[in-house]
Amino acid sequence: MKSPLLTLPGAVPAEGADEGVAAHYGDLFREQRALADGTGFVDLSHRGVVAVTGDDRLAWLHLLLTQHVSELPVGRATEALILSANGHIEHALYLVDDGETVWAHVEPGTQEALIAYLESMKFFYKVEVADRTADTAVVHLPAGSIADVPEGVVVRETPYGRDLFLPRADLEAFAGQAGPPAGILAHEALRVEQHRPRLGFETDHRTIPHELGWIGSAVHLQKGCYRGQETVARVQNLGKPPRRLVFLHLDGSEVHLPGAGTEVRLADDGPDGRKIGFITTSARHHELGPVALALVKRNVAVDAPLVAGDTAAAQEVVVEP
């Protein structure tokens with residue numbers, strides 16, 4: 001979905017997974033500071049939107065998701081995963097129930113595969129699943145925002161701000177009164193600062209929830225059976241995940257920002273040292289400078305100095321080894 005807000009002054013289109021919305025509107029750090037101060041908004045209208053209706057919607061989703069949602073209160077935001085049979089992460093959903101419909105936004109382009117899976121699991125349950133991406137746009141208001149939300153718009157409120165499920169036809173009008181726009185790069189920089197993983201960025205084909213700190217926030221350990229639960233329980237009770245998410249402070253004297261996939265090594269091993277991880281997301285933060293999230297081997301010492309490509313890096317623990 002190509003956003004109409006790409007016509008706003010200064011808009012520079014994003015590339016890759018976030019194609020369709022603005023990367024920035026001319027001043028990355030100003031946009032970050034505005035979001036950190038609780039002003040402005042982020043156009044996330046490229047994200048997929050899935051709606052589940054029917055009397056059985058919560059009980060049915062409870063059987064499929066990693067999160068406890070059978071008694072999800074109206075208006076309470078949550079997040080959940082769908083795992084493979086081997087416990088690897090396949091989908092991440094950001095949910096809210098409005099009393100009649102469960103609304104979820106998901107990574108751009110993943111809604112079709114998600115809906116195909118959900119449809120295959122309906123059986124005799126009274127539920128309907130719909131792709132609402134074409135008529136519903138996700139807009140993010142940062143924490144502390146006092147922007148007015150149009151009447152009737154479904155809101156998903158989190159500690160990081162509010163996600164609005166806005167009629168797509170109203171997107172331009174909303175942008176005109178919601179304050180200065182901030183691009184996806186500003187949103188991503190704050191996500192990295194907050195240590196929040198993102199499907200397709202911090203995940204690969206073998207990622208399990210424990211590696212990213214999704215236990216608790218997206219995976220409930222006291223709920224009933226769901227696909228992949230055996231792996232979750234086994235790692236939780238008997239073992240440790242093979243990798244862990246870390247936050248990196250990168251050497252600010254380097255002009256080049258190491259991108260996703262850049263190999264991470266132990267600094268003491270020198271340039272020919274073995275790979276012990278890789279960058280998943282990197283960003284330039286308005287206060288912290290260049291930062292990144294990375295996946296490293298679990299047994300890497302938490303105080304070990306690292307190198308990402310040719311860039312020195314100091315780590316902060318996100319997931320305990």
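Fair warning: this is a prediction, and the values are worked out from it, not measured in the lab.
Pairing each heavy atom of L8 with each of P181, the nearest pair is CD1-CG, 4.1 Å. Among all heavy-atom pairs drawn from V106 and A92, the shortest one is CG1-O, 3.6 Å. Considering all non-hydrogen atoms of both residues, L6 and A11 come closest at O-CB, 3.4 Å. Taking all atoms of both residues into account, the shortest heavy-atom contact from Q32 to H285 is OE1-CA, 3.5 Å. The two residues F174 and D148 make their nearest non-hydrogen contact at CE1-O, 3.6 Å. Nearest heavy atoms, P167 versus V153: CD-CG2, 4.1 Å.
Side chain to side chain, N86 and S84 fail the donor-acceptor criterion of an N or O pair below 3.5 Å. Between D131 and T133, the side chains place a donor N or O and an acceptor N or O closer than 3.5 Å (distance only, hydrogens not considered).
Side-chain contact between I276 and L306: present, with at least one pair of heavy atoms (C-beta onward) separated by less than 4.5 Å. Between E172 and L5 there is a side-chain heavy-atom pair separated by less than 4.5 Å. Residues T281 and E202 have side chains in contact (heavy-atom distance under 4.5 Å, counting atoms from C-beta outward). At a threshold of 4.5 Å between non-hydrogen side-chain atoms, the residues V50 and L93 do not count as touching. At a threshold of 4.5 Å between non-hydrogen side-chain atoms, the residues H187 and L44 count as touching. You'll find the side chain of L248 stays beyond 4.5 Å of the side chain of P290, heavy atoms only. Looking at heavy atoms from C-beta onward, H46 lies out of side-chain contact with S3 at the 4.5 angstrom threshold. You'll find the side chain of D43 reaches within 4.5 Å of the side chain of L171, heavy atoms only.
Listed for the E31 side chain is no donor-acceptor partner under 3.5 Å among the backbone atoms of V42. Between the side chain of R298 and the main chain of P321, no donor-acceptor pair closer than 3.5 Å is present. Judged by distance alone, with hydrogens and angles left aside, the side-chain atoms of E119 form no donor-acceptor pair with the main-chain N or O of A116 at under 3.5 Å. When atom types are taken as modelled, the side chain of T101 and the backbone of W103 share no donor-acceptor pair closer than 3.5 angstrom. Checking side-chain atoms of T280 against main-chain N and O of L293 turns up a donor-acceptor pair under 3.5 Å. R244 contributes no side-chain N or O that, together with a main-chain N or O of V296, makes up a donor-acceptor pair within less than 3.5 Å. Panel note: side chain Q67, backbone S217; a donor-acceptor pair is recorded below 3.5 Å. A donor-acceptor distance shorter than 3.5 angstrom exists from the side chain of T66 to the backbone of L81, with no hydrogens or angles considered. Of the possible donor and acceptor atoms, none in the side chain of Q194 sits under 3.5 Å from a partner among the backbone N and O of V192. Between the side chain of R156 and the main chain of T78, a donor-acceptor pair closer than 3.5 Å is present.
F165 does not carry R132 over the face of its six-membered ring by the limits of under 6.0 Å from the centre and within 45° of the normal.
Between H68 and H220, the ring planes are tilted. Angles from 30° to 60° get that label.
More than 12 heavy atoms of other shown residues, nucleotides or ligands fall within 6.0 angstrom of atom CD in Q177. Atom NZ of K223 has more than 12 neighbouring heavy atoms from other residues, nucleotides or ligands inside a 6.0 Å radius. The local environment of CD in E112 is sparse, with at most 12 non-hydrogen atoms from other residues, nucleotides or ligands closer than 6.0 Å.
Here CD1 of I279 is found 5.5 Å from CG of L250. Values are rounded to the nearest 0.5 Å. Here the straight-line distance linking atom OG1 of T203 with atom CG of L199 works out to 4.0 Å at 0.5 Å rounding. Rounded to the nearest 0.5 angstrom, L64 CG and Y226 OH are separated by 12.5 Å.
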Is there a side chain to side chain contact (heavy atoms under 4.5 Å, CB included) between V264 and L295 once you walk through the steps? CA-CA 9 Å; V264 175; L295 272 177; over 6 Å; no
Take D27 and Y25 through the test side chain to side chain contact (heavy atoms under 4.5 Å, CB included) and record every step on the way to the result. CA-CA 6 Å; D27 191 336; Y25 295 89; over 6 Å; no
Walk me through it: do W60 and K126 pass the test side chain to side chain contact (heavy atoms under 4.5 Å, CB included)? CA-CA 9 Å; W60 176 67; K126 298 177 181 178; over 6 Å; no
Can you list the steps and then say if L63 with Y125 is a side chain to side chain contact (heavy atoms under 4.5 Å, CB included)? CA-CA 11 Å; L63 299 174; Y125 289 92; 3.0 Å; yes
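E128 meets the salt bridge (Lys or Arg N to Asp or Glu O under 4.0 Å) test with K122; sequence neighbours excluded. Annotation: ring-ring contact (aromatic ring centres under 6.0 Å, His included) contacts of H210 (sequence neighbours excluded): none. H249 pairs by the ring-ring contact (aromatic ring centres under 6.0 Å, His included) definition with F247, not counting sequence neighbours.
Salt bridge status for R198 with E107: present, with a side-chain N to carboxylate O gap under 4.0 Å.
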